[in-house]
Trainee: 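Provided herewith is a single structure, encoded as structure tokens, for subsequent inquiry.
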Amino acid sequence: MADTDRTAPPTTAGTSAASAASPWAREPAAGRVLLDRRFAWQGREVAWAAFGSGPPLVFCHGTPWSSWLWEPYARALAAEFTVHLWDMPGYGASSKDPDHAVDLGVQGEVLAALLEHWRPSWAASEGASEDRPEEGPGAGSGGGVAPHVVAHDYGGAVSLRAALLHGARFASLCLVDVVALRPWGSPYFSLVREHADVFTRTPATVHRGALEAYVRTAAHRPLSDADLDALVTPWTGPEGQAAFYRQIAQADERYTAELEPLLGALDVPTRVLWGAEDTWIPADRAQRLADALPRADARLVPGAGHLVQLDAPVALAVELQRWLSARAGDAATE
């Protein structure tokens, strides 16, 4: 396990949370953050980047997305936090070897390994000790510096598995329209999962049309052409199309079934945020999930669907900044 790209991470000028909603934030130019580092793990290459200053903050994306969805929010919060973006293996800029599993079990292990890889730099910057005792599953106190984590969609199950099954420790957790409680998966998702071998052979133009229609259903408001293209294009071409159907074929509710009886042990301050108009994972899951976690509360984001990052960017930016600033303040007074 090694960081195979030693290029220095990009830096970001301080911005306000509200700037996450600015049109420039979605343009690929204008100094866009690139995932310029690589972490080697069991034959895979995980693309990642870190920038900003302050307590560590890790964003986890879902499916069929990538770190692109979180980039404007990471930029806005980089004035207060050292932000980490990464693409799961099989997604975005990370490796897409057809022989490598990309299921939720693997992704939880990858995140736990990444956090351990990053931890020495956090400890060095904070002057923290690495050998203090831990205080419980996922707990941010003890054992050195722990990151704040913000997760969307699949990233919810990935972060929860990292904490509850692989010993990862968080300072706080913000779960945004996440996969965590059964059942999950849209009707189209379930159909593809059952017939992935057939869908993989779909002609490229048909595949793109179906993919665009599918992605549009994740948003409550119409997606711009630029946003739709950014979300869809990584899953086109021979490699991207195969990777798209592979990750759906390997989706399995057993990975969240393993988590459900363990949720009560997660001793971490948690905020559950949900788009009130989410048709992929209904908003009633927000309170159900918060009730299952001992230190959680739930809030709905009006006028937003599953792609809350694009549907309600200002509201989400404000929610994230308030939550994270309060958690950082709590840590400062301990």
Trainee: Counting only N and O atoms by type, is there a donor-acceptor contact under 3.5 Å from the side chain of Asp97 to the main-chain atoms of Asp99?
Mentor: yes
Trainee: So how far is it from Leu211 CG to Thr236 OG1, rounded to the nearest 0.5 Å?
Mentor: 8.0 Å
Trainee: Do Ser325 and Glu80 pass the side chain to side chain donor-acceptor pair (under 3.5 Å) test, and can you show the C-alpha distance, the side-chain angles, and the key distance before you say yes or no?
Mentor: CA-CA 8 Å; Ser325 295; Glu80 301 174 46; 3.1 Å; yes
Trainee: List the steps and the verdict of side chain to side chain contact (heavy atoms under 4.5 Å, CB included) for Leu310 and Leu231.
Mentor: CA-CA 11 Å; Leu310 302 179; Leu231 294 169; 4.0 Å; yes
Trainee: So, Arg208 and Asp229, do they make that salt bridge, N to O below 4.0 Å?
Mentor: yes
Trainee: Does the side chain to side chain contact (heavy atoms under 4.5 Å, CB included) test come out yes or no for Arg327 and Asp330, once each step is laid out?
Mentor: CA-CA 5 Å; Arg327 302 290 73 74; Asp330 292 344; 2.8 Å; yes
Trainee: Please tell me whether Gln107 and Asp103 have a donor and an acceptor in their side chains that are separated by less than 3.5 angstrom.
Mentor: no
Trainee: Would you call the rings of His117 and Trp48 parallel, tilted or perpendicular if under 30° counts as parallel and over 60° as perpendicular?
Mentor: perpendicular
Trainee: Between CZ of Arg182 and CZ of Arg285, what distance do you get to the nearest 0.5 Å?
Mentor: 11.0 Å
Trainee: Quickly, which of Glu109, Glu258, His166 forms a side-chain hydrogen bond (donor to acceptor under 3.5 Å, both in side chains) with Arg161? Name it, please.
Mentor: Glu258
Trainee: Is the ring pair Tyr73/Trp70 parallel, tilted or perpendicular, if the boundaries are 30 and 60 degrees?
Mentor: perpendicular
Trainee: With a cut-off of 6.0 Å (strictly less than), are more than 12 heavy atoms of other residues, nucleotides or ligands near CG of Asp197?
Mentor: yes
Trainee: Where the side chain of Thr202 meets the backbone of Phe199, is there a donor-acceptor pair that is under 3.5 Å apart?
Mentor: yes
Trainee: Please check this pair: side chain of His220 against backbone of Val308, looking for a donor-acceptor N/O pair closer than 3.5 Å.
Mentor: no
Trainee: Between Ser159 and Leu111, does a side chain to side chain contact (heavy atoms under 4.5 Å, CB included) hold up when you go through it step by step?
Mentor: CA-CA 7 Å; Ser159 58; Leu111 176 57; 4.1 Å; yes
Trainee: If we check side-chain contact (heavy atoms from CB on, under 4.5 Å) with Val102, which of these qualifies: Met88, Arg44, Gln247, Lys96?
Mentor: Gln247
Trainee: Taking Asp87 for its side chain and Ala93 for its backbone only, find out whether a donor-acceptor pair lies under 3.5 Å.
Mentor: yes
Trainee: Within the distance-only criterion (no hydrogens, no angle test), does the side chain of Trp274 pair as donor or acceptor with the backbone N or O of Val178 below 3.5 angstrom?
Mentor: no
Trainee: Using 0.5 Å steps for rounding, measure from the CZ atom of Arg119 to the CG atom of Leu114.
Mentor: 11.5 Å
Trainee: Is the distance from the ring center of Phe59 to that of His84 below 6.0 Å?
Mentor: no
Trainee: Checking ring-ring contact (aromatic ring centres under 6.0 Å, His included) against Tyr91, which of Trp68, Trp65, Trp86, Trp235 comes through?
Mentor: Trp235
Trainee: Indicate the ring-plane relationship of Tyr154 and Trp184, choosing parallel, tilted or perpendicular according to the 30° and 60° boundaries.
Mentor: perpendicular
Trainee: Where does the angle between the aromatic ring planes of Tyr188 and Tyr214 fall among parallel (under 30°), tilted (30 to 60°) and perpendicular (over 60°)?
Mentor: tilted
Trainee: What distance separates Trp280 CH2 from Leu307 CG, expressed to the nearest 0.5 Å?
Mentor: 6.5 Å
Trainee: With a sphere of 6.0 Å drawn around CZ of Arg322, does it hold more than 12 non-hydrogen atoms of other residues, nucleotides or ligands?
Mentor: no
Trainee: To the nearest 0.5 angstrom, please state how far the CZ atom of Phe39 sits from the OG atom of Ser94.
Mentor: 11.0 Å
Trainee: Main chain of Glu45, side chain of Ser95: is a donor-acceptor contact present, judged purely on distance under 3.5 Å?
Mentor: yes
Trainee: Please test Val272 against Val176 for side chain to side chain contact (heavy atoms under 4.5 Å, CB included), starting from the C-alpha separation and ending with a verdict.
Mentor: CA-CA 6 Å; Val272 180; Val176 184; over 6 Å; no
Trainee: Just verifying a value: how many Å separate Leu320 CG and His148 NE2, rounded to the nearest 0.5 Å?
Mentor: 12.5 Å
Trainee: Below 30° counts as parallel, above 60° as perpendicular, anything between as tilted: where do the rings of His152 and His306 land?
Mentor: tilted
